[in-house]
Structure formats: structure tokens, C-alpha cells
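Atom set for the values below is all heavy atoms of this structure, side chains included, hydrogens, waters and symmetry mates excluded. Here is the naming used below: chain letters follow the sequence lines, and residue numbers restart at 1 for every chain.
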Amino acid sequence: MTEVYLNGIYAGEVEDANEFIQQLRNERRKGILSNNINFKYKENEDGIYVESSPGRARRPLVIVKDGKSSLTDAHIKQLQKNELTWKDLVEQGVLEYIDAGEEESTMIALREEDITPEHTHVEISPMLMLGLCTSLVPFSEYCPSSRINGGSKNQKQALGFYIANYPIRMDMDVSLLNSPQKPIVQTIMHDISEYNKHPSGQNVVVAIMSYKGYNMDDSVIINQGSIQRGYGRSTYYRPAVAEQLRYSGGLVDEIGIPDKDVKGYKSEKDYRLLEDDGIISSETTVSEDDVLIGKTSPPRFLSSMDEYNLAVNLRRESSISMKHGEKGVIDFVLVTENSEGNKQVQVRIRETKIPEIGDKFTSRYGQKGVIGLIVPHQDMPFSSSGMIPDLIFSPHGIPSRMTVAHLLESVAGKVGALSGRYIDGTVFDGEKEFDLRDELLRHGFRENGTELMYNGITGEAFEVKVFIGSQYYMKLKHMVSNKMHSRARGPIQLLTRQPTEGRAKEGGLRLGEMEKDTFVAHGASLLLKERFDSDRTILPVCEGSGLLAVHDTFRNKKFSQILGEGAEINDIEMSYAFKLFLDELKSLGIYPKLVLKNKY
Amino acid sequence: MSIYTEFKDKMPAYLLEEVKKKVPDNISDKRLKAILERIADEYKKTKVEPGECVGIVAAESIGEPGTQMTLNTFHFAGVAEMNVTMGLPRIIEILDAKKTLSSPMTEIFIKKSVANEKNVREYAIRIVERTLESAIDSIEINITGQRIDLQLKSDKLKDYGLTKGQIIKLLTKNLKGVTVKEKDDIITVSLKTKENLINDLYTYKEKIKGMYISGVKGLKQVLPVRKDDEYMILASGLNLREILELDFVDSERTRSNDIYEIKEVLGIEAARQAIINEVFKVIEAQGLNVDIRHIKLVADTMCQTGEIKGITRFGVVNQKASVLARASFETPIKHVIEASLLGERDELTSVVENVMINQPIPVGTGLPGLITKVK
């Protein structure tokens with residue numbers, strides 16, 4: 001007797017396990033049972049597990065009967081004529097969905113040729129072993145898996161036409177490629193996923209050579225002419241949001257141009273772009289510090305006394321303005337309400353990003369790199385037929401990474417461009433290298449993809465032939481203009497008086513523990529002190545009590561809180577962080593007594 | 001000779017000795033002097049300058065290559081071999097002065113006069129710790145007879161150099177409250193107290209099995225190996241004191257990898273050298289290049305009190321004079337509170353304290369001061 005479990009719950013027993021499984025299978029294939037059911041016989045437990053619960057990962061497979069695939073040429077023809085649908089195939093028992101449990105009891109052939117009498121199923125296509133992004137990498141069987149992995153990851157970061165209703169969306173931090181192209185070298189997945197309707201790259205002529213040495217260490221050289229013709233141009237969108245919040249006591253934020261007597265009023269120049277309603281109008285060019293949405297908030301701490309105090313009862317400035325180093329054009333203005341019913345203003349800023357040194361580009365094989373140099377069109381090397389590459393890739397990126405598909409795509413792209421057709425680079429089933437080479441030869445080119453090229457500056461021919469072809473390159477969302485950052489002077493933190501942290505706050509770059517150690521190791525004592533002078537303070541210290549004294553700047557008198565005005569008080573230089581540390585000790589009830597001594 | 005004495009204070013004695021040996025006997029005084037002057041000059045150049053931050057330099061010199069070290073435990077190929085902790089875990093083990101090692105090991109060198117393959121194998125068998133279990137053919141609890149019956153393997157006993165009589169003696173000596181008798185090859189152990197009889201029989205059975213009979217206590221596994229044309233024994237486990245007393249052991253070279261054991265048996269100076277050797281062994285095995293003087297400095301720091309102090313908050317860091325320096329390295333509150341209870345005074349003589357209060361640190365260019373008083 002074999003126990004039967006339905007979704008893990010005991011349901012009953014059957015006499016002959018194999019017969020029961022066979023019956024279940026036949027009835028599912030005939031459509032008597034739902035095709036959502038999967039089952040498995042566990043021999044060691046002598047139990048049959050029938051699963052119909054939601055949430056199982058299942059995949060379709062072609063059923064093999066008597067060593068033959070049940071998907072025949074007749075089916076294919078009917079499918080092509082639209083006489084048959086996927087659903088029909090499932091109902092006819094040609095395809096079935098198998099879950100992870102049932103897969104244990106199957107024998108799946110990768111291709112139809114591999115089928116032996118032992119096989120129970122055959123894959124629809126060997127390509128199905130790959131995911132969506134990885135299927136979008138042509139000729140990936142010619143690459144190490146690690147590179148395909150990287151290439152798949154890079155594709156997700158590529159700028160493209162990611163969504164069609166972008167004008168009515170307020171997406172944060174997104175870019176659109178201005179002129180995306182379909183790839184010349186494609187896989188079947190580009191059709192299935194409708195990638196061609198929302199591509200995210202451009203076909204460029206790539207020469208694999210070094211030129212002026214500016215494509216060392218994974219950087220690339222780009223033709224300025226190509227950029228001027230629009231290559232790699234993208235538009236960056238970023239919204240700014242302001243809400244009219246309600247506070248306790250009936251106080252409310254107010255969107256509008258702030259009055260001059262508002263606390264924290266910037267300057268008239270900063271507010272010049274605002275309309276009467278305190279919101280900027282669309283198609284206005286803005287740059288750093290310009291106010292986008294004028295807003296004032298009620299005073300922060302309102303005590304009962306303040307209500308009678310006219311001087312303190314001032315509103316605070318809380319406008320939304322362009323951050324440091326940002327520029328752009330106002331793209332879209334939206335006045336709406338948020339879920340709490342407060343007035344909400346959204347402003348979208350648009351900025352055209354032209355490729356510049358430091359922007360990141362990649363092919364589909366994890367061969368990513370940043371622009372190292374933009375060469376004027378006339379200085380770029382050219383081939384004997386007058387072809388000028390858009391991009392120069394370093395040959396040192398190839399041998400250690402072994403991305404053969406990168407080279408093959410280049411040849412295939414060249415063939416596709418010359419023949420005016422798309423090349424099929426589907427994994428395992430793509431066009432063959434031999435055929436591509438042959439076709440290239442028939443177009444009058446060297447079959448190995450190399451060409452004689454000339455130095456664009458001197459006009460001399462290079463001694464070696466240069467490998468040149470057409471490849472699909474993508475611009476990645478990491479652009480220098482969003483990342484570069486420097487600071488000489490700038491804002492400091494309120495508590496520690498040390499510089500703020502991070503690009504958004506115009507922060508400093510921390511000289512950390514280990515960096516400090518290098519100064520110490522060099523014995524550069526005074527240099528180290530200077531580096532840490534960012535929170536330097538000079539404080540009066542009472543010599544008698546060893547505690548910080550008070551400097552009354554109004555009367556210009558110093559006095560000790562313990563020994564009074566007669567105490568001997570000296571000004572001492574220390575870091576503000578240390579002063580805080582002393583305060584903290586005092587709050588612990590510890591008496592940190594400073595003993596002063598003349599250094600000289 | 002006079003020329004040599006002239007240079008006595010300018011270089012260490014061993015350098016002078018070396019020069020004496022290498023220089024031809026008939027060298028002229030002028031040339032000898034020139035040579036010695038040159039050597040004295042070179043020697044002076046290799047000296048550390050006053051104010052040089054040797055500690056930080058040592059830390060950086062060990063730390064930077066340390067980032068490249070693999071975290072893997074190193075495995076010897078083969079079945080009968082031993083696994084030794086190497087790489088970063090081993091370095092941490094040594095420098096933190098861990099009391100229990102993850103792979104305690106002893107390298108036993110054999111006296112050259114008796115070192116041959118046959119002898120080494122025999123020694124190896126002799127020193128490994130044996131329990132009675134390995135010599136027992138059968139052990140049974142005889143419930144009707146209220147005793148434990150055991151039969152020994154006579155060939156094994158022979159290997160261990162023991163007789164049945166000795167085993168019986170050992171049993172009577174080690175187990176209390178039992179009577180041991182021998183009858184027709186079977187040794188019977190019966191209990192004197194009959195309370196809790198069955199339970200006691202079981203516990204005594206285990207005790208008998210685990211009883212130590214021969215070898216060096218602690219050496220769980222031994223491996224005779226041939227290393228550089230010489231036979232030696234690698235043993236996992238520690239017992240340096242007893243091993244060194246064995247007559248065939250070369251007590252000058254035999255060592256274990258436990259720093260504490262070396263300190264107990266051979267003293268703190270040996271422990272210092274052991275730290276240097278063990279750390280250097282790991283660094284060398286990783287193919288890294290760290291100057292041994294950095295490691296020596298660390299070992300000196302760890303051993304300077306006469307006790308082994310790890311580079312941890314309980315060890316070396318706890319020895320620091322400055323409250324602020326101690327507080328800046330882990331558990332600050334503990335140190336601050338302790339200092340306030342004792343009324344400690346920080347003289348601000350070291351680096352960390354001065355960085356904290358933003359004063360010039362007393363190393364390198366910050367070390368020298370003005371002698372002239374400023375009015």
C-alpha cells in the first residue's frame with residue numbers, strides 16, 4: 001500500500017503506486033485532470049505527493065513518447081499558419097508543465113537529436129536554460145559564464161526607451177536614450193520580449209586597437225563626430241516635490257513667493273524664476289541655487305510665550321531649490337493633492353546629457369569601460385574604404401577575459417550592416433562563424449574582420465591590420481556629471497563642527513583612521529595636525545579648576561564657572577570633538593580636569 | 001688589533017667578527033680601516049632614526065599584505081596527513097595570543113645518532129597516546145557474575161611493550177573500589193560496592209576503555225615524515241615537557257606550535273622566538289614578503305612584560321599608560337569609568353591622545369622641541 005498526499009496532507013492509500021502515477025499522468029495529458037497538477041512518487045518513503053497549490057515554479061516541456069518528440073513538423077506548420085495556439089498544444093498533450101518535484105522523475109533531453117528511448121521529455125529549446133537578460137546576449141555560447149553574467153547585469157543598467165508614457169510619469173533619477181536603435185546582431189529573445197520596440201543601445205563601429213594610449217585599463221576612446229551627430233545622448237529626469245504640510249495648532253505650510261522678512265530668506269535673485277503662485281513655469285532654464293517651488297513653514301518651536309512675542313513669530317523659509325552643481329530645464333509642472341489631502345507640487349527637471357570623459361559604456365559581454373578621451377572626428381583613424389570608428393576598444397581587454405563573442409558580434413555586425421539584414425545570434429542556434437566569414441569575404445572584405453587603417457593625424461598606414469566591425473554598445477546609467485564632487489570650503493555639521501558627509505551635502509572626503517596612520521608612519525606630525533584642523537576651536541580654560549571657562553563677548557570678560565572672575569584663564573586650542581568629549585564626561589558625572597602646561 | 005677595537009662601538013661585535021674572518025691576514029691597516037669605515041657607515045644607515053614610528057610601520061607592513069592573504073585553511077594532500085591552520089586565522093591566533101589552538105602540533109626531531117627510518121617508525125608508535133580500548137579484544141558486562149570481563153589482544157600489547165600483569169596493575173591503580181583478577185586469559189573487574197551496580201558497571205566499562213596505558217599523553221596522532229634528508233615525527237597534540245625528556249628526542253630542535261606551552265617549558269625568550277617563527281612561517285607560506293624585523297617588534301611587544309600579551313584589549317592595549325588611548329580602542333566606557341574612579345592622569349605622551357585633542361603628535365617632526373625659552 002502506498003500513501004497518497006494531496007498538497008502535503010494525507011489523502012488515502014493506493015494499491016499499486018506506479019499504476020496510479022501512470023493513470024494520473026494519462027488523465028492529465030488527456031485533459032481529464034487539470035494540467036495544474038504535478039505529482040511525484042518517492043520510493044524511499046513509499047509515498048505519492050500530488051501538488052496543486054499555487055506558487056510552485058513550473059516550466060513547459062515537450063512530451064516524448066516511445067523515443068519520439070510529440071511536437072511534430074505538422075504542429076510547427078499549423079503554428080506558423082496560426083491554426084494552432086500554445087494552449088491547444090497543452091490540451092493536446094504535446095506540452096506539459098513540470099514542477100521541481102516532478103522533474104525528479106523525468107529524463108529530459110536537451111535537443112531532439114539527443115532523444116533515446118529512456119527520455120520522457122525534451123526541452124523546447126536549449127536556450128531556455130538561460131534567463132531573459134542572458135538570452136539577450138548573442139553568441140553567448142562563445143563566452144565564459146562569468147562574462148555572460150556580467151553582460152546580463154550591465155544590460156539592466158543600460159539607458160534606453162524604458163517606458164513609453166514617460167511624459168506623464170514622475171520617475172526619480174531616470175534617463176532616456178534619445179535615439180535608441182535595434183541591435184543588428186539579435187537573438188530570438190529580442191523578438192519574443194519585444195526588445196526591438198524599446199531598445200537600449202546603439203550600433204557603433206568599433207575598432208579594436210590602441211590609439212594615443214587613452215584606452216588603457218578598460219577605458220574607451222570615442223569619436224567626437226559621433227557624439228555631435230547624437231551618439232549616446234540621453235535625457236535625465238529628476239523630480240522636485242513640495243507639500244503643504246499641516247502642523248498642530250492649525251498652522252500650515254504655504255506655497256508662494258516668500259516675504260522678505262521670512263527667516264532664512266535667500267535673495268531676490270534666487271526667487272526670480274517663480275510665478276505669482278510661487279511655482280516655476282515649464283521650459284525655464286535653471287541652474288544651481290535657483291528656487292523651483294517657493295514655500296514657507298510656520299516657526300519650529302512655538303511656546304505659549306511666543307504667541308505674545310511679535311519678533312519671534314516669523315515664518316521659516318523652506319523652499320525647494322536646485323542643489324549644488326545641478327542645472328537643467330523645467331520639463332513639467334504638476335499641482336495635485338497627496339493622499340492626506342494636502343496640496344502637493346511636483347516639478348520635473350530635464351537635462352540633456354552628452355557623453356563626456358568618464359561616462360560609462362559597455363558591450364553586451366561585460367566589457368564595460370569609461371570614456372578616456374574624445375577624439376575630434378578628423379583625428380580618428382580611418383580605414384581604406386573611409387570608415388571611421390565611433391569607438392576604439394583596447395585589445396588588452398580580450399585575452400584574459402576570453403570574450404570571443406565580443407569579437408564574433410563585431411564580425412556579425414559588420415556582415416549585417418553590409419548585407420542590410422539582422423543577424424541571428426541566438427545561443428546554440430545562431431548563424432555559424434564560418435558562414436559569417438564567408439559572407440564577409442563575398443562583400444570584398446577580409447574574412448577575419450581586419451582592415452588596413454590609417455593614422456588620422458599623420459595619414460600614415462598602420463603596420464598591422466586593425467580588427468574593425470559593428471557592435472551594439474550601451475550607455476550605462478552611471479554618468480560622471482551625477483557623481484563628480486569636490487570641496488575646499490563648505491557646510492559643517494551642527495553638533496561636531498566637522499565637515500558634512502556626502503556629495504548631496506557638499507561634504508568633505510574623510511581622512512580616516514588608516515589614512516591618519518600613514519601620516520603618523522611618515523612622521524609628518526604637523527601636517528597631520530593641519531589635516532585635522534577642520535573642527536579646530538580656541539576655548540578659554542580655567543587653570544584652577546581645569547574646566548572650560550566662559551567668555552562673555554558682550555562685556556569682553558572671561559570667568560570661570562567655579563572660581564569666578566578672578567581665576568586665571570588661558571585660551572587653549574583643541575578639536576571641537578574633544579570639547580564635546582569633555583562635555584559628555586561631565587554629563588556622566590566625571591570631572592575631566594585639564595592640567596595646563598607651557599609647551600615651550 | 002687596535003683598528004678593530006677602534007670600531008668596537010660603531011658596529012655590533014658579530015659584524016666585526018665577520019670582517020675578521022673574511023679579510024685576508026696580510027691586509028694593510030689603511031685598507032682595513034677603509035673597509036671598516038665603509039661598513040660602519042652602511043650599518044649606521046640601516047639604523048632607525050629617532051622619532052621614526054616603528055610600531056605603525058610594522059603594523060602597516062604586516063597589515064597590508066595581510067589583506068591579500070587567503071582565508072583558507074591549508075590542506076595537505078593525502079589521507080594520513082594532518083591539517084594545519086595556516087593563513088589569516090593562524091596569524092590572528094598567534095597575535096591575539098589565543099589559549100587554545102585550532103590545530104595544536106608538535107614537531108619532534110630525532111637525535112641524529114639514532115635517526116633512521118626503522119627507528120623513527122618505532123618511536124612514532126611508542127609515543128602516541130594509547131588507551132586500553134585499542135588493546136581490548138572484547139569487553140563485556142557480565143550481569144550474572146556482576147563484573148566486567150575483558151580480553152586483551154596480546155600482539156597489540158607486545159607492540160606497546162606492555163604485559164598483562166602491567167595492565168592489571170594499572171587497572172587496580174587507576175580504578176578505585178574494584179578488584180581485578182585474571183582467569184584463563186580473561187581479566188575480570190568486579191566492584192566492591194553493590195549499590196547502583198548496573199549503572200556503575202557501565203560507567204566503569206567506559207572508564208576502562210578510556211584508560212591511558214602507554215605513550216605520551218596528549219599526542220593523539222603521529223606521523224613519521226622525512227624532511228630535508230632527515231626523519232622526524234609530526235604529532236598532533238601537545239606535551240612538550242614529556243617529549244623533551246624522551247631519550248631519542250633532539251631536545252634542541254623539537255618544538256610545538258603553542259606559544260603558551262613553549263613559555264611554560266622553555267621560558268619567555270623561547271616564546272618570543274616561537275611567535276616570530278610561527279608568524280613568519282605563515283607569511284612565507286603565503287608567498288608574501290614581510291621584513292622579519294616588523295614581526296620581531298610585534299613579538300617583543302607581546303613578550304616584554306614576561307607574560308604573553310595578545311594584541312587585544314585585554315593584552316597589549318590594556319598596558320597603555322594613556323586613558324584616552326585605551327578608551328579609543330574598544331570598550332571606551334569601561335576605561336573612562338575606571339580612570340575616573342582611580343583619578344588617573346593622562347600625560348599625553350603618545351600618538352592617539354594627541355590626535356584626539358588635535359595637538360602635534362610626538363613622533364617624526366613633532367618630536368624635537370625648542371630648547372631656548374620663549375619670553
B:Leu324 versus chain A, the contacting section by heavy-atom distance below 4.5 Å: side chain
Heavy-atom distance under 4.5 Å to chain B: side chain of A:Lys593, backbone, both or neither? neither
Report, by ascending residue number, the residues of residues 356-367 of chain B in heavy-atom contact with chain A at a distance under 4.5 Å; give 'none' if the set is empty. B:Met356, B:Ile357, B:Asn358, B:Gln359, B:Pro360, B:Ile361, B:Val363, B:Gly364, B:Thr365, B:Gly366
Are any side-chain N or O atoms of B:Asp258 and backbone N or O atoms of B:Tyr260, one a donor and one an acceptor, separated by less than 3.5 Å? yes
Pair listing, salt bridge (Lys or Arg N to Asp or Glu O under 4.0 Å) test, anchored in residues 313-322 of chain B, at least two apart: B:Arg313-B:Glu330
Proximal to chain B - members of residues 480-502 of chain A, heavy-atom separation under 4.5 Å: none
Apply ring pair (Phe, Tyr, Trp, His ring centres under 6.0 Å) to the pair A:His406 and A:Phe393, showing each step before the final yes or no. CA-CA 11 Å; A:His406 185 86; A:Phe393 178 85; 4.7 Å; yes
Answer yes if the side chains of A:Gln155 and A:Arg364 hold a donor-acceptor pair under 3.5 Å, and no otherwise. no
Contacting region of A:Leu528 [heavy-atom separation from chain B under 4.5 Å]: side chain
B:Lys281 and B:Glu278 ion-paired at < 4.0 Å: yes
So, A:Arg401 and A:Asp218, do they make that salt bridge, N to O below 4.0 Å? yes
Select one option (side chain, backbone, both, neither) describing which atoms of A:Ala577 are under 4.5 Å from chain B's heavy atoms. neither
What do you reckon, is CZ of B:Phe7 surrounded by more than 12 foreign heavy atoms closer than 6.0 Å? yes
Would you mind listing every salt bridge (Lys or Arg N to Asp or Glu O under 4.0 Å) that reaches into residues 535-560 of chain A, with sequence neighbours excluded? A:Arg536-A:Glu573, A:Asp552-A:Arg555, A:Arg555-A:Glu565, A:Lys558-A:Asp571
Could you tell me whether the side chains of B:Glu93 and B:Ser102 share a donor-acceptor contact shorter than 3.5 Å? yes
Top contributor to chain B interface from A:Leu582, A:Ile572, A:Asp533 [non-hydrogen pairs under 4.5 Å]: A:Asp533
Does any heavy atom of chain B fall under 4.5 Å from the side chain of A:Phe581, the backbone, both, or neither of them? side chain
Would you check if there is a donor-acceptor pair between the side chains of B:Ser322 and B:Asp346 at a distance under 3.5 Å? yes
Between B:Glu42 (side chain) and B:Ile39 (backbone), is there a donor-acceptor pair under 3.5 Å? no
May I ask you to decide if B:Gly315's main-chain N or O and B:Thr312's side chain share a donor-acceptor pair within less than 3.5 Å? yes
